[in-house]
Amino acid sequence: MIRFEVAAEALLRSRFALSPAFELACLLRSLDGRGRGRLPPAWAARLRPAFERLRAASDLDAALALHTPRGGADFIAVPPRGLAQTWAEDLAAVRATPPEQARAEIARTLAVQPVRDPGVRRILDAPDAVERIAVALDLAWHELLAADWPLLRAVCERDVVHRVGLIGEQGWEAVIAGLHDGVSWRDGAIEVGVAGGGTVALAGEGLLLIPSVFIVPTLAAHTAPPWPKTLIYPARGTAALLETPPAGPPQALGALIGRSRARVLAALDTPASTSQLARQLRLATGAVGDHLAVLLDAGLLSRARSGRSVLYQRTALGDALAGAAGGAPAGTG
C-alpha cells in the first residue's frame, strides 16, 4: 500500500490529465499477456492479429521488452501535461529522450527483466534505439488504438467532468473515495492499494490524477521522477464500453423521438459536451448539436458552462423519459 500524505495546498494543486502513451502501454502489455489490466476477449480477438503482425514486421518486441510487471522504462510513456495531451506530443517526447537517459533506463529495465532474444538485444543496444522504438510505438498506435481513441478519450473526459463536479458538490474526499475500491481517504492521507508501499508526502506539488480505460480493473501509481506523484485509475463507464456489446436506445424511446435523438438522450446519464457526445456516438458534431437543441427546447436537458465547454445533462423529465423507456446506455449502432 502507498500512503500519500495530503496537505491543503496539495489538494489545491492537484489536477487531472489524460495520457495516450500510458493507454498504449497498457494495451500492449495486455495483448502481450503481461499486463495487470484485463482486456475483454472481444477486444483482444479484434486487435491481436494486427498486434502479432506488428511484432513480426517491426521493432515492437524491443518496445515490449521495456515493460516490466511493475513499470519499465519511463521514456516510452512520459508524464502528460494536461487533458489536451495528444499522441503526437507523446511521440515527440519519446524521440526527444537524451541518449544517456535512454541507455540508463534500458539498462535498469534489463537488470530486472533480462532479454534473451539476441535480435531484440541488438536493437536495444543500437545507437538509434530510441528512434527505432519510437517508430514501433507509432505504428502500434495507428494500427491498434488510433481508430478507437476518440471514443476512449470521450469516456475519460466524461469521467473528469463528473469528478470535477463532485469537487464542487462534496469536496475532494468524496472524489478520492470514489476513484476505486482500492483507494481511500484516512486520517489526512490517501491510501492506495498497490504494490510497493511506503509513505509519500505530497507537500505542495499536488497529485496528478489520470483516468484510464485499459488499466481496468487495477490501479497504478507513480511516486518517483520523472513522473509527479500520480494515481492512475479506471475511468467511469469503462466496463460498459469494453465488456458489454454496444446496445442501441430502447426501441420505444427511438419510436417516440427518433433513434439518433434517443441515443443522445440515453448517453447523457452523465454530463457531456457536444464534441464528447459526437465522439462517443460516432455522429457528426453538427447533427449532435441539432439533437441537443431540440432536447433542450423540450425541457429534457439542461446545460451549464464548465471552463471552455458547455455541458449538457438530463433534467428530471429527461431522466423520467429515458427511465420509462428502459434507460439503457447508448451504443454506437
Side-chain angles (χ1 to χ4, degrees), residues 19-39 41 43-80 87-149 194-196 212-215 218 220-222 224-227 230 232:
S19 178
F22 183 86
E23 292 295 79
L24 178 62
C26 276
L27 177 60
L28 291 175
R29 289 182 186 184
S30 294
L31 289 170
D32 194 38
R34 67 179 79 189
R36 289 174 291 175
R38 184 182 69 247
L39 191 65
W43 280 66
R46 175 167 64 89
L47 296 176
R48 185 157 283 118
F51 174 71
E52 295 298 341
R53 185 172 65 252
L54 284 169
R55 293 187 68 176
S58 73
D59 294 328
L60 186 58
D61 277 352
L64 291 170
L66 298 181
H67 294 278
T68 69
R70 292 189 179 180
D74 288 314
F75 76 89
I76 60 175
V78 298
W87 169 248
E89 291 171 328
D90 283 338
L91 182 62
V94 173
R95 286 189 158 124
T97 305
E100 61 275 11
Q101 175 190 336
R103 284 194 296 270
E105 292 185 9
I106 290 171
R108 186 175 67 244
T109 303
L110 296 186
V112 174
Q113 184 173 272
V115 170
R116 292 178 172 83
D117 185 321
V120 170
R121 188 58 192 256
R122 278 195 299 271
I123 295 168
L124 295 177
D125 290 339
D128 62 345
V130 170
E131 177 58 22
R132 295 180 69 168
I133 290 168
V135 169
L137 291 175
D138 193 37
L139 287 171
W141 171 268
H142 289 288
E143 288 284 335
L144 303 174
L145 194 49
D148 292 313
W149 180 242
V194 298
S212 168
V213 170
F214 291 120
I215 201 172
T218 61
H222 289 281
W227 281 74
T230 302
I232 304 171

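Starting from 1, each residue takes its place in the sequence as its number. Note that the structure is predicted; figures quoted are calculated from it, not measured.
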Exercise for the section: Keeping to residues at least two apart or across chains, list the side chain to side chain donor-acceptor pair (under 3.5 Å) pairs with something in residues 102-119. Expected result: Q101-E105

Exercise for the section: For residues 134-146, pull every pair meeting side chain to side chain donor-acceptor pair (under 3.5 Å), keeping only residues two or more places apart or in separate chains. Expected result: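 For residues 134-146: R53-E143, W87-D138, D138-H142.
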
Restricting to non-hydrogen atoms, name the atom on [X] and the atom on [Y] that form the minimum distance, rounded to 0.1 Å.
X	Y	value
P226	P79	O-CG, 3.6 Å
A136	S58	CB-OG, 4.4 Å
L124	A129	O-CB, 3.8 Å
V194	A220	CG1-N, 4.4 Å
V120	A65	CG1-CB, 4.0 Å

Spacing of [X] atom [atom1] and [Y] atom [atom2] [to the nearest 0.5 Å]:
X	Y	atom1	atom2	answer
W227	F22	CH2	CZ	6.5 Å
L60	I133	CG	CD1	10.5 Å
C26	H67	SG	NE2	9.0 Å

By salt bridge (charged side-chain N to carboxylate O under 4.0 Å, His left out) - contacts of [X] (at least two apart):
X	result
R121	D125
D59	R132
R55	D32, D61
E52	none

Exercise for the section: Identify, with sequence neighbours excluded, every residue that meets side-chain contact (heavy atoms from CB on, under 4.5 Å) alongside A107. Expected result: none

Problem - Residues forming a side-chain contact (heavy atoms from CB on, under 4.5 Å) with L144, sequence neighbours excluded - result: L27, L28, L31, L47, A50, F51, L54, A140

Check whether any side-chain heavy atom of [X] lies under 4.5 Å from a side-chain heavy atom of [Y], and answer yes or no.
X	Y	result
T97	I76	no
W149	P20	yes
V94	D90	no

For [X], what residues pass the side-chain hydrogen bond (donor to acceptor under 3.5 Å, both in side chains) criterion, not counting sequence neighbours?
X	result
H222	none
S212	E23
R95	E131
D128	none

